[in-house]
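Just so you know, ligand 1 is whichever comes first in the structure, and atom 1 is the first atom listed for that ligand. Along the sequence shown, the residues carry numbers beginning at 1.
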Amino acid sequence: MTYDKNNIFAKILRGEIPCKKVYENDYVLSFYDINPQKKIHVLVIPKGPYIDLDHFNKNASDKEIIEFNKAISHVSKLLNISNEERGYRLLSNIGTDGGQEVPHLHYHIFGGEKIGKMVS
Ligand code: 5GP
């Protein structure tokens, strides 16, 4: 599988499509989901061209992997939903059965209210 440079998140990263930014550094971008499923619904993506978590873990540098993981906790703090505050759900859809629509690795962060059943 090859990375599709024209996927919507690649366009957001290139600044061709706007987003409502939560956080950005050299390795990651975090922004609000355009179609929120919960009171807080934010996405965290690596800046590198990775399709999903498997592709990322196989091809990304250790620094990219560490920074991506750390960014999730940092964003949860910025949103005031870390486990010290209210808690949140972290979700990554992978491939066809996982229901992944955008082929650029992303974690969904859901919070701001009780998230409910783990899988529906
Ligand atoms: P997936 O189903 O791939 O895990 O999730 C893709 C997510 O990207 C969906 O929750 C969808 O609402 C969000 N999304 C799709 N297009 C855009 C966009 O142009 N901007 C933003 N902010 N989110 C998007």
Subject >> Point-to-point distance, once rounded to the nearest 0.5 Å, from CG of Leu53 to CG of Leu105 >> reply: 6.0 Å
**OP:** Taking the side chain as every heavy atom from C-beta outward, state whether His55 and Met1 have any pair of such atoms under 4.5 Å apart.
**Re:** no
Original post:
Are Tyr107 and Ile45 side-chain neighbours, meaning at least one heavy-atom pair lies under 4.5 Å?
Top reply: no
Original post:
Should Glu64 and Lys47 count as an ion pair when the cut-off is N to O under 4.0 Å?
Top reply: no
Subject >> Ligand-side contact atoms (ligand 1) for residue partner Asn93, heavy atom cut-off under 4.0 Å >> reply: 1 (P), 2 (O), 4 (O)
Subject >> Among Leu43, Asp33, Leu105, closest by any non-hydrogen atom to atom 12 (O) of ligand 1 >> reply: Asp33
Original post:
Under 4.0 Å from any heavy atom of His106, which atoms of ligand 1 are there?
Top reply: 1 (P), 3 (O), 4 (O), 5 (O), 6 (C)
**OP:** Within a distance under 4.0 Å of any heavy atom of His108, pick out the atoms of ligand 1 and give their elements.
**Re:** 1 (P), 4 (O), 5 (O), 7 (C), 10 (O)
Subject >> Protein heavy-atom partner closest to atom 3 (O) of ligand 1 - residue, atom, separation in Å >> reply: Glu101 N, 2.7 Å
**OP:** State, with a plain yes or no, whether a side-chain heavy atom of Asn25 is found less than 4.5 Å away from one of Glu67.
**Re:** yes
Original post:
Can you tell which of Ile34, Asp52, Ile45, Val102 gets a heavy atom nearest to atom 21 (C) of ligand 1?
Top reply: Ile34
Original post:
Is it true that a side-chain atom of Ser30 and a backbone atom of Leu43 form a donor plus acceptor pair closer than 3.5 Å?
Top reply: yes
**OP:** Would you mind checking which non-hydrogen protein atom is closest to atom 8 (O) of ligand 1, with the distance to 0.1 Å?
**Re:** Phe9 CZ, 3.4 Å
Subject >> Closest protein heavy atom to atom 19 (O) of ligand 1, given as residue, atom name and distance to 0.1 Å >> reply: Ile8 CG1, 3.6 Å
Original post:
From Lys21 NZ over to Tyr32 OH, what is the distance, rounded to the nearest 0.5 angstrom?
Top reply: 13.5 Å
Subject >> Heavy-atom side-chain contact between Tyr88 and Phe110 under 4.5 Å >> reply: no
Subject >> For Gly99, the ligand 1 atoms whose distance to one of its heavy atoms is below 4.0 Å >> reply: 2 (O)
Subject >> Those atoms of ligand 1 less than 4.0 Å from some heavy atom in Ile12 >> reply: 20 (N)
Subject >> Sub-4.0 Å atoms of ligand 1 with respect to non-hydrogen atoms of Gln100 >> reply: 3 (O)
**OP:** Check step by step if salt bridge (charged side-chain N to carboxylate O under 4.0 Å, His left out) holds for Glu113 and Arg86.
**Re:** CA-CA 8 Å; Glu113 61 181 316; Arg86 303 186 50 144; over 6 Å; no
Original post:
Mind checking whether Tyr32 has an N or O less than 3.5 Å away from an N or O of ligand 1?
Top reply: yes
Subject >> Residue Asn35 vicinity, atoms of ligand 1 by number, heavy atom under 4.0 Å >> reply: 12 (O)
